[in-house]
J.: 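Sending over a structure as structure tokens; questions will come in a sec.
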Amino acid sequence: MNEIFSIKDKVAIITGASGVLGGSLAKSFLQAGAKVVALGRNQEKLDASVKEFTQNQDNVLAVEANVMNIESLENAAEKIKERFGKIDILLNIAGGNIPTATLSADQSFFDMDMSGWNEVTDLNINGTVYPSYVFGKVMAEQGSGSIVNISSMAAYSAITRVAGYSAAKSAITNFTQWLASDVALKFGDKIRVNAVAPGFFIGDQNRAILINPDGSLTDRSKKVIAKTPMGRFGDVEELNGAVQFLCSDAASFITGALLPVDGGFSAFSGV
């Protein structure tokens, strides 16, 4: 493989590593020769996930931490530095939508459970900002590092029923641009912050509104496919290459960028 795309021996923290997307990225990064720190709230679940990632336990560390708690993250940073001595990459994967923040088809914004709004915005915004604050500080001290956040198609244009999630992902896009500018201006060009915007991938969080119990597409799914020029949902593994690229030297002059991985959804008007 061309060395410019390599992440070999890089130390990569992956929040939400026991989830589908985080787990896929962890496996991919380990296969590419990176050292992976799997971060999550449940140590038992993390340990089980780590065993699935690789047989080489020397290159992986499972650390229990809450992405919405600064002290918890600072404790994690010390453990990571003690084990690997540095932090090269932060993938802010923890987040997503929650049922209480999702409106049903016949509900309006005024029917929303505000506790659900608070939970989904806190999880996605602070769940990205806090790890960036703690682990990004280590990168600033080192003078190098790469942060990749997860935005969404909901940050491009309005998607019905998910107001809180949409607002949170829009905030993440803006925060990505803001932090990229701040660290480059104050710490130099070796620290970069970017985001990927996944299109529609079927996972545990959205399966019920995209797939009927009999396996057929819901009306919502049909609308998604109609606006996706590639005519299909994405496979979670199709995000791995884009994220790895943003973390490699091949992207050395890319910061503050939002990379859609969406089968053309964001580019197509639907007509």
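Both backbone and side-chain heavy atoms feed into the values below; hydrogens, waters and symmetry mates do not. Index from 1, following the sequence. This structure is a prediction, so every number in the text was calculated from the model and none was measured.
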J.: Using only atom types and a distance under 3.5 Å, with no angle test, would you say the side chain of Ser152 pairs donor to acceptor with the backbone of Ala155?
T.: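 Side chain of Ser152 to backbone of Ala155, a donor-acceptor pair under 3.5 Å: no, none is there.
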
J.: State whether the side chain of Arg192 and the backbone N or O of Leu246 hold a donor-acceptor pair below 3.5 Å, judged by distance alone.
T.: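 A pair under 3.5 Å: yes.
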
J.: Around atom CD of Gln43, are there more than 12 heavy atoms of other residues, nucleotides or ligands at under 6.0 Å?
T.: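 Yes, the 6.0 Å shell around CD holds more than 12 heavy atoms from other groups.
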
J.: Would you call Lys45 and Asp47 a salt bridge, using N to O less than 4.0 angstrom?
T.: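 Salt bridge flag = no for Asp47 with Lys45.
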
J.: Which pair of non-hydrogen atoms, one from Thr121 and one from Gly164, has the smallest distance, and what is that distance?
T.: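 Residues Thr121 and Gly164, closest heavy atoms: CG2-O, 3.7 Å.
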
J.: Does the pair Glu82/Lys79 count as a salt bridge with the N-to-O cut at 4.0 Å?
T.: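 Looking at Glu82 and Lys79, the cut-off is not met.
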
J.: Would you kindly confirm whether Val36 and Ile87 end up in one hydrophobic cluster when ILVMFWY residues are joined by side chain heavy atoms under 4.5 Å apart?
T.: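 Hydrophobic grouping puts Val36 apart from Ile87.
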
J.: Would you call Lys186 and Asp182 a salt bridge, taking side-chain N to carboxylate O under 4.0 Å as the test?
T.: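 A salt bridge is present here (some side-chain N lies under 4.0 Å from a carboxylate O).
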
J.: Applying side-chain contact (heavy atoms from CB on, under 4.5 Å) between Thr15 and each of Leu91, Leu73, Leu90, Thr128, report the one that passes.
T.: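 Passing option: Leu90.
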
J.: Regarding Thr255 and Asn194, is there a side-chain donor-to-acceptor distance under 3.5 Å anywhere?
T.: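 Thr255 vs Asn194: no donor-acceptor pair found between side chains.
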
J.: Would you say Arg220 has more than 12 foreign heavy atoms packed within less than 6.0 Å of its CZ?
T.: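 Yes, because the 6.0 Å sphere around CZ of Arg220 holds more than 12 heavy atoms from other groups.
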
J.: Are the side chain of Asn124 and the backbone N or O of Gly96 linked by a donor-acceptor pair below 3.5 Å?
T.: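 Side chain of Asn124 to backbone of Gly96, a donor-acceptor pair under 3.5 Å: yes, one is there.
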
J.: Quick one: do Glu238 and Arg232 make a salt bridge, cutoff under 4.0 Å?
T.: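 Yes, this pair counts.
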
J.: For a quick check under 3.5 Å, do Asp122 and Asn118 share a side-chain donor-acceptor pair by atom type?
T.: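 There is no such pair between these side chains.
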
J.: I'd like to know if the side chain of Ser72 reaches the main chain of Met68, judged simply by a donor and an acceptor atom lying under 3.5 Å from each other, with no hydrogens or angles considered.
T.: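 Not a single qualifying donor-acceptor pair exists.
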
J.: Is a side-chain donor-acceptor pair under 3.5 Å present for Ser104 with Gln107?
T.: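 Per modelled atom types, Gln107 and Ser104 side chains form a pair under 3.5 Å.
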
J.: Has the side chain of Thr228 got a donor or acceptor atom that lies under 3.5 Å from a matching backbone atom of Met230?
T.: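 Side chain of Thr228 to backbone of Met230: no pair is present.
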
J.: Counting distance only, does the side-chain N/O of Ser216 pair as donor-acceptor with the main-chain N or O of Asn212 below 3.5 Å?
T.: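 The answer is no, because no donor-acceptor pair under 3.5 Å joins these two groups.
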
J.: Can you tell me if Thr100 and Asp113 form a side-chain donor-acceptor pair at under 3.5 Å?
T.: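 Note: Thr100 and Asp113 side chains miss the donor-acceptor criterion.
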
J.: Phe233 vs Phe201, test: ring-ring contact (aromatic ring centres under 6.0 Å, His included). Steps then yes/no.
T.: CA-CA 5 Å; Phe233 293 108; Phe201 298 75; 8.9 Å; no

J.: Could you tell me whether Lys81 atom NZ has more than 12 heavy atoms of other residues or ligands within 6.0 Å of it?
T.: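 More than 12 heavy atoms, drawn from other residues, nucleotides or ligands, come within 6.0 Å of this atom.
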
J.: Are Leu259 and Val193 connected, step by step, through hydrophobic side chains (Ile, Leu, Val, Met, Phe, Trp, Tyr) whose heavy atoms are closer than 4.5 Å?
T.: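 Leu259 and Val193: separate clusters.
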
J.: Whether the Asn97 and Thr102 side chains hold a donor-acceptor pair (N or O, under 3.5 Å, no angle test) is what I'd like checked.
T.: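 Yes, because at least one side-chain N or O of Asn97 sits under 3.5 Å from a partner of the opposite role on Thr102.
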
J.: Can you tell me if Ser24 and Asn240 form a side-chain donor-acceptor pair at under 3.5 Å?
T.: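 There is such a pair (donor and acceptor under 3.5 Å, judged by atom type) between the side chains of Ser24 and Asn240.
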
J.: With side chain to side chain contact (heavy atoms under 4.5 Å, CB included) as the criterion, how do Phe29 and Ile89 come out once you've worked through the C-alpha distance, each side chain's angles and the decisive distance to 0.1 Å?
T.: CA-CA 11 Å; Phe29 270 52; Ile89 295 166; 4.1 Å; yes

J.: Quick one: pull up CG in Asn149 and CD1 in Ile172 and give me the separation to the nearest 0.5 Å.
T.: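 Spacing of CG (Asn149) from CD1 (Ile172) equals 6.5 Å.
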
J.: Is the side chain of Lys227 donor-acceptor paired with the backbone N or O of Phe268 at a distance under 3.5 Å, no angle test?
T.: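 Checked: pair present.
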
J.: Grouping I, L, V, M, F, W and Y whenever their side-chain heavy atoms are under 4.5 Å apart, do Ile150 and Trp178 come out in a common cluster?
T.: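 No.
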
J.: Check whether NZ of the Lys or CZ of the Arg Lys137 lies under 6.0 Å from the centre of the six-membered ring of Tyr133 and within 45 degrees of that ring's axis.
T.: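 Geometry flag: set, cation within 6.0 Å and 45°.
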
